[in-house]
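Note sheet for the following structure.
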Amino acid sequence: MSTSLTSPATRRPRIEDYALIGDMQTAALVCRDGSVDWLCLPRFDSAAALASVLGSEEHGSWRIGPALGTGGQALYADWRGYRGDSLILESQWVTPTGVVRVIDFMPPRDGHAPQLIRLVEGVSGEVEVESVLRPRFGYGRHQPWIDRRDGRPVAIDGPDALWFDSSVAVAEKEGALVSRFSVTAGERVTFALTWHSSHSHLTAPEIPDGGVALAATGRFWREWVSQCTYEGPYREAVTRALITLKAMTYAPTGAIVAAVTTSLPETIGGIRNWDYRYTWLRDAAVTLSALLRTGYRQEAEGWRQWLQRAVAGNPDDLQIMYSILGERDLPERELPWLPGYEGSAPVRVGNDAAGQLQLDVPGEIIETLYLAHVHGLARCERTATLHLKLVDYLKRRWQLPDDGIWEVRGGRKQFVHSKVMTWVAVDRTVQLVEAGVLTADLAELVKLRDTIHAEVCEKGFDPSRNTFTRSYGSDELDAALLLIPRTGFLPPDDPRVLGTVAAVRRELATADGLVHRYPTDGEHQGVDGLPGDEGSFLLCSYWLVDALALTGQMDEARALFERLLTLRNDVGLLAEEYDAASGRQLGNFPQAFSMLGLIESAVLMYELEQAAAPVIAA
């Protein structure tokens, strides 16, 4: 059978054309045309072996689908979706000669090496199918040496080796591993890609059994989803978001990545391209909040242990982010050989924001530790000690200017949100001391809480506009101000809260309610130290849902929530931002912040509706 290698015409998949599969240690993005365009091995933050999402097929890709026609253009699947409540992706093509299905998944690791398994099934008729694997290590920079060991193709580059197993013939051509074959109804062809250290070449990985691995993967996800306690509206969307967050959890340590990608742009052609394959303390803490509210305590315990190891003994050395192993050194560099997604350069790995001062972070950590207590997580003496050290850290630093929640690179300010979250840290500590969970000077803590509150209300509020502002003395707004009622800093019916929600809707929201983080257009260009604009931030739009719900505007909250549901892609995933003008998702994908925002808003609306429901006497 022919093994001629045909290059598809220029591909321009949208970010929302991708689906996620993963094994809780790394993840892959699968395009609707059947191409795996992003895969880092063996970890989320390892160098990519398939990186074409940031360049072209020649930077690493693996397409399986109906054989390319004379035009050389790969066809998008006619249908795709996850198999039930799992991370098993099914894509189906209807061709003139028959129907074919591809099943993609990564089995959770149970003592075996990382694997990507792809099953090709004939559904009806007969379809000619092509598999083209172009492995490129080092984020697309290195074409490996392809060898055969006991008849098994293996691509080797330095310490990395990819073993490629298939139930059909495989030929090497032009640096790719190619198979072309036909499937008829009821037939199945199995492909498996297994990473193994090249230093372990004498002990080649076992050839996986695709059917056994598929059954085990389905069983894992069914058992995990069964722990979910949420039974309110939008449960299907909430469940998909929870599965996505679980997929972004690094199982060996309990760390949670902000996204599985780097450098997907916040503006097409812009420079706002960052590496999100790390654990931000804030993002992880808020993610754990969403998991705790829906019944997942084991993840909270794993994250708590990771937190203890990462922060170690001295909160003065606290960073806002760490590697998934807890490493502190995350130097930022550019990869000039990658042109970037749709030409959005530079492509960056590492993140210099690790050195920023963000005083809201201890607040998010302590809020999550407080929620863990509320949800019954057993007290941990080491965590209690860390908690009190974080409060001592804030006692000494809370009045300093900082870089804020959005990691601006335009200089430190007295950001109102940072002060509010400092208040949250002290307030939750007061509550735990009053409950006898922590031992500390209660009077001193109450005094500090009141001092912070008074200062924010005096210096962070503009009475002429009846709104809190982005920073002390600023005229600008910040979407994070929408969190004021949710944190309990002020009650939802306080006129200052109502005024702030109205101001954010007026100045930062689009006509259909999508919210920007802060102004970056017109006279505000460069306010964050960066040129260019960005899309609306999806988490901020969920914050508006919460603020509307809390302030008694439930119908508007529900309408906006349902509008946000329509922005998800066909398999229920969200990137970081959305550009209403072009109608497309932007930024790293999928984004934990966006998925957890969906969960938190759904749970909040359900809780408020339950609380307001009349009690019917027996």
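Treat the numbers as computed from the prediction; the structure is a model and nothing was measured.
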Side chain to side chain donor-acceptor pair (under 3.5 Å), that's the test. Do Arg496 and Thr500 meet it? Break it down for me.
CA-CA 6 Å; Arg496 292 167 292 183; Thr500 300; over 6 Å; no
Could you report the tightest heavy-atom contact between Ile15 and Arg584, atom names first, then the distance?
N-NH2, 4.5 Å
Can you confirm whether the side chains of Thr551 and Gln553 place a donor and an acceptor under 3.5 Å from each other?
yes
Apply the test ring pair (Phe, Tyr, Trp, His ring centres under 6.0 Å) to residues Tyr278 and Phe44: give CA-CA distance (whole Å), side-chain angles for both, the deciding distance (0.1 Å), then the verdict.
CA-CA 8 Å; Tyr278 304 112; Phe44 291 113; over 10 Å; no
Any side-chain donor paired with an acceptor under 3.5 Å for Ser601 and Asp546?
yes
Taking the six-membered ring for Trp, are the ring centroids of Tyr230 and Tyr606 within less than 6.0 Å of each other?
yes
Can you find a pair of side-chain heavy atoms, one from His373 and one from Arg379, that are under 4.5 Å apart?
no
Evaluate the criterion side chain to side chain contact (heavy atoms under 4.5 Å, CB included) for residue pair Leu604 and Leu550; output intermediate values, then yes/no.
CA-CA 9 Å; Leu604 176 65; Leu550 286 165; 4.1 Å; yes
With a 4.0 Å cut-off, would you call Arg412 and Asp402 a salt bridge?
no
Do you know which two heavy atoms are closest between Ser541 and Leu560, and how far apart they sit?
O-CD2, 3.7 Å
Distance check, rounded to the nearest 0.5 Å: Leu574 atom CG versus Gln591 atom CD?
10.0 Å
Within the distance-only criterion (no hydrogens, no angle test), does the side chain of Asp17 pair as donor or acceptor with the backbone N or O of Arg14 below 3.5 angstrom?
yes
Tyr518 six-ring centre to Arg470 NZ/CZ under 6.0 Å and within 45° of normal
yes
Under the criterion side chain to side chain contact (heavy atoms under 4.5 Å, CB included), I'd like the reasoning laid out for Thr294 against Thr239: C-alpha separation, chi angles, the key distance, then a yes or no.
CA-CA 9 Å; Thr294 50; Thr239 301; over 6 Å; no
Donor-acceptor pair, Asp352 side chain versus Glu332 backbone, under 3.5 Å?
yes
Using side chain to side chain contact (heavy atoms under 4.5 Å, CB included), reason through Gln414 and Lys459 one step at a time and then give a plain yes or no.
CA-CA 9 Å; Gln414 298 284 5; Lys459 298 181 179 181; over 6 Å; no
For the backbone of Phe489 and the side chain of His453, can you confirm whether one donor and one acceptor N or O come within less than 3.5 Å of each other?
yes
Whether Gln585 side chain and Leu567 backbone form a donor-acceptor pair below 3.5 Å:
yes
Looking at Gln298, I'd like to know if its CD atom is crowded, meaning that more than 12 non-hydrogen atoms belonging to other residues, nucleotides or ligands lie closer than 6.0 Å.
no
Atom pair CZ/OG1 of Phe415 and Thr469 - distance to nearest 0.5 Å:
11.0 Å
Checking the side chain of Lys419 only, and the main-chain atoms of Trp398 only, is there a donor and an acceptor separated by less than 3.5 Å?
yes
Answer yes or no: does atom CD of Glu236 have more than 12 heavy-atom neighbours from other residues, nucleotides or ligands under 6.0 Å?
no
State whether a side-chain donor-acceptor pair under 3.5 Å links Glu299 with Trp224.
yes
Show your reasoning for whether ring pair (Phe, Tyr, Trp, His ring centres under 6.0 Å) applies to Phe537 and Trp406.
CA-CA 11 Å; Phe537 204 80; Trp406 303 125; 5.1 Å; yes
Under the 3.5 angstrom rule, does the side chain of Asp283 hit a backbone N or O of Ala258 as a donor-acceptor pair?
no
Is there a donor-acceptor pair closer than 3.5 Å between any side-chain N or O of Thr368 and the backbone N or O of Ala285?
yes
Atom pair CD1/CG of Ile256 and Leu281 - distance to nearest 0.5 Å
11.0 Å
Atom CE of Met554 and atom CE of Met605: how far apart are they, to the nearest 0.5 Å?
7.0 Å
Run through Leu264, Leu20, Val53 and flag the one making a side chain to side chain contact (heavy atoms under 4.5 Å, CB included) with Trp38.
Val53
Is it true that Tyr234 and Phe561 have ring centroids separated by less than 6.0 Å?
yes
Would you give the length of the straight line joining atom OG of Ser471 to atom CG of Leu477, rounded to the nearest 0.5 angstrom?
10.5 Å
Atom of Gly22, atom of Leu87 and distance for their closest heavy-atom approach
N-CD2, 3.3 Å
Arg486/Glu367 salt bridge by N-O under 4.0 Å criterion:
no
Six-ring centre of Trp274, Arg348 cation under 6.0 angstrom, axis tolerance 45°
yes
Give a yes-or-no answer on whether the side chains of Gln358 and Arg282 include a donor-acceptor pair shorter than 3.5 Å.
yes
Before giving the answer on salt bridge (charged side-chain N to carboxylate O under 4.0 Å, His left out), spell out for Arg272 and Glu576 the whole-Å C-alpha distance, their side-chain angles and the decisive distance to 0.1 Å.
CA-CA 12 Å; Arg272 296 168 182 259; Glu576 182 180 26; over 6 Å; no
Which heavy atom in Val497 sits nearest to a heavy atom in Pro491, and how many Å separate them?
CG2-O, 3.5 Å
If we ignore angles and hydrogens, is there a donor and acceptor under 3.5 Å between the side chains of Tyr370 and Gln431?
yes
Counting N and O atoms only, with roles assigned by atom type, does the side chain of Thr451 sit under 3.5 Å from a partner on the main chain of Lys447, one being a donor and the other an acceptor?
yes
Would you please test Val424 and Arg428 for side chain to side chain contact (heavy atoms under 4.5 Å, CB included) and show each step?
CA-CA 6 Å; Val424 168; Arg428 303 312 188 258; 3.8 Å; yes
Using the six-membered ring of Tyr82, assess whether NZ or CZ of Arg240 lies under 6.0 Å from its centre and within 45 degrees of the ring axis.
yes
In Å and rounded to the nearest 0.5 Å, what is the OH to OG1 distance from Tyr276 to Thr261?
9.5 Å
I'd like to know if the side chain of Asn569 reaches the main chain of Leu573, judged simply by a donor and an acceptor atom lying under 3.5 Å from each other, with no hydrogens or angles considered.
yes
Given 3.5 Å as the limit, does a donor-acceptor pair link the side chain of Asn273 with the main chain of Pro346, or not?
yes
